[in-house]
Undergrad: 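The structure under discussion is supplied below as structure tokens; questions concerning it will follow.
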There are 2 protein chains.
Amino acid sequence: MSDPAPRPAAPVRIRHFTRSLPMSLLRARESVMRHFRPALRRNGMTEQQWRVLRALMTRPGMEVSELAEATFLLGPSLSRILRDLDSLGLITRRLDDADQRRSIIALSPRGESLIEQISPESETIYAEITRRFGAQRLAELQAMLRELETLLTEGPPIEGTGEE
Amino acid sequence: MSDPAPRPAAPVRIRHFTRSLPMSLLRARESVMRHFRPALRRNGMTEQQWRVLRALMTRPGMEVSELAEATFLLGPSLSRILRDLDSLGLITRRLDDADQRRSIIALSPRGESLIEQISPESETIYAEITRRFGAQRLAELQAMLRELETLLTEGPPIEGTGEE
DNA sequence: CGCCAATATTTTACATGTTATCCAATGCTG
DNA sequence: CAGCATTGGATAACATGTAAAATATTGGCG
């Protein structure tokens, strides 16, 4: 034995952290993605690669920075993902004629057919999630999430005590 | 110019993916964390390290597997984080007397004082987020997230078409 | 034209996520 | 108690997240 002291006063005066908003959002997202990942995995796609392909499907011919914003990926991640998707022959890249710094990314025929292959499965899963939770409530939830995001993004930054 | 073809029929018959539930959750979480990260960063903590310390604060003396569940970290990540927190002198580890496979993690005095230092700032930020969004609505949001998580976790797995 | 700040993207470096594998301690079973 | 499946935790290997720096191109300005 070593330390059987009953720990008299655990000072838990802070909200239980598993109920914090970030943790709630993290867990909710994981519980959703858990259902999608197997289907992606069967087709050799990672979650992020799939995000990129889907973004390109809804609007072909995006610049890298547009794509980054749409997929919520940071530059370095996206850069690597594009390199990989390129080497898999799923996308095409060409330099913008007017500005050689920009490159235009689009789906290749092979990329399009991969999407055609995966999409139905993905939509099925999404539909089942919607059914379980209720389309109405899902819409409510999305609205709240959007509002939260807007409030925190548009509003002034929240400063703690750390003025440098 | 080179390719002014008006791209006659972009087949966008799929819900716009930036409105998908996973993306909504991801963006909402990011918009929240964006406010916390600077404060953590000023104190040399990463988001995940902070999660571990907070979990240990609410309940000292956890096993690694308990900690993993509480912080939603996978074994390998947690293992590295504990190694780092240990080398920073913020936690203590000792082997369980009854079962030498298990180790008991707890905050060191230094870890506790670090928490005392960061917590107020963190709580200030959380309070401001609550104020902006409304405590009532925040509680609603959390309830919906919890319900979603429960439905998707407890229910049967959703199978796509991928029977091998 | 030549210098330089600004912009788009990539690269670098390190922490974490993810899956698979390894190792040591445990405890069951014969 | 010897053999072996199980378990808790750590390590390996590779992809991504994140911040900072590097690279390349453009556009302005003297």
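Residue numbering restarts at 1 for every chain, and letters A, B, ... go by the order of the sequence lines. Below, each value reflects all heavy atoms present in this structure, side chains not excepted, and no hydrogens, waters or symmetry copies.
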Undergrad: At less than 4.0 Å, is any side-chain N or O atom of B/S79 found next to OP1 or OP2 of D/dA10? Yes or no.
TA: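 Yes, within the criterion.
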
Undergrad: Would you mind classifying the nucleic acid contact of A/R93 as base, sugar-phosphate or nothing, using non-hydrogen atoms under 4.0 angstrom?
TA: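 Sugar-phosphate, backbone atoms only, no base.
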
Undergrad: State whether A/Q100 places a side-chain N or O below 4.0 Å from either non-bridging phosphate oxygen (OP1 or OP2) of C/dT9.
TA: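 For C/dT9, OP1/OP2 do not have a side-chain N/O of A/Q100 under 4.0 Å.
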
Undergrad: Examine D/dG9: is either OP1 or OP2 under 4.0 Å from a nitrogen or oxygen in the side chain of B/S65? Give yes or no.
TA: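 For B/S65, the contact criterion (side-chain N or O under 4.0 Å from OP1 or OP2 of D/dG9) is met.
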
Undergrad: Let's test your reading of the model: under 3.5 Å, does the base of D/dT7 pair with the side chain of B/R101 as donor and acceptor?
TA: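 Flag set: donor-acceptor pair detected.
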
Undergrad: Would you tell me if any nitrogen or oxygen in the side chain of A/R83 comes within less than 4.0 Å of OP1 or OP2 on D/dT16?
TA: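 Result: no.
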
Undergrad: Need to verify one output field. Residue with the more 5' nearest nucleotide on DNA chain D, B/I104 or A/I81?
TA: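 The 5'-side residue here is B/I104.
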
Undergrad: For A/E66, report the nucleic acid contact type (base, sugar-phosphate, nothing); a contact means any heavy atom under 4.0 Å.
TA: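 Nothing: the residue A/E66, judged by heavy atoms under 4.0 Å, touches no strand.
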
Undergrad: Quick test of your reading of the model: are B/E128 and B/R131 salt-bridged, counting only N-O distances below 4.0 Å?
TA: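 Answer for the salt bridge query: yes.
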
Undergrad: Can you tell me how far P of C/dT9 sits from CG of A/L67, to the nearest Å?
TA: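 Distance check: A/L67 CG to C/dT9 P gives 10 Å.
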
Undergrad: May I ask you to evaluate whether A/T46 reaches the phosphate of D/dT16, defined as a side-chain N or O under 4.0 Å from OP1 or OP2?
TA: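 For A/T46, the contact criterion (side-chain N or O under 4.0 Å from OP1 or OP2 of D/dT16) is met.
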
Undergrad: Are the side chains of A/T71 and A/I81 in touch, meaning some heavy atoms are under 4.5 Å apart?
TA: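 No - every pair of side-chain heavy atoms lies 4.5 Å or more apart.
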
Undergrad: Is it true that A/E30 and A/R37 make a salt bridge, defined as a side-chain N closer than 4.0 Å to a carboxylate O?
TA: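 A salt bridge is present here (some side-chain N lies under 4.0 Å from a carboxylate O).
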
Undergrad: Ignoring backbone atoms, test whether B/R80 places a side-chain nitrogen or oxygen under 4.0 Å from the OP1 or OP2 oxygen of D/dA10.
TA: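 Negative; the distance criterion is not met.
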
Undergrad: What's the CD-P distance between A/Q49 and C/dT18, to the nearest Å?
TA: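 For the pair A/Q49 CD and C/dT18 P, the rounded distance is 15 Å.
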
Undergrad: Between P on C/dT16 and CG on B/L74, what's the gap in Å once rounded to a whole number?
TA: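 Value for this atom pair: 13 Å.
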
Undergrad: Verify the contact: side-chain N or O of A/Q48 to OP1 or OP2 of D/dG17, cut-off strictly under 4.0 Å; return yes or no.
TA: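 Looking at the OP1 and OP2 atoms of D/dG17, one of them is under 4.0 Å from a side-chain N or O of A/Q48.
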
Undergrad: Assign A/L73 to base, sugar-phosphate, or nothing according to its heavy-atom contacts below 4.0 angstrom with the strands shown.
TA: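 Counting heavy atoms under 4.0 Å across all strands, the contact made by A/L73 is with sugar-phosphate only.
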
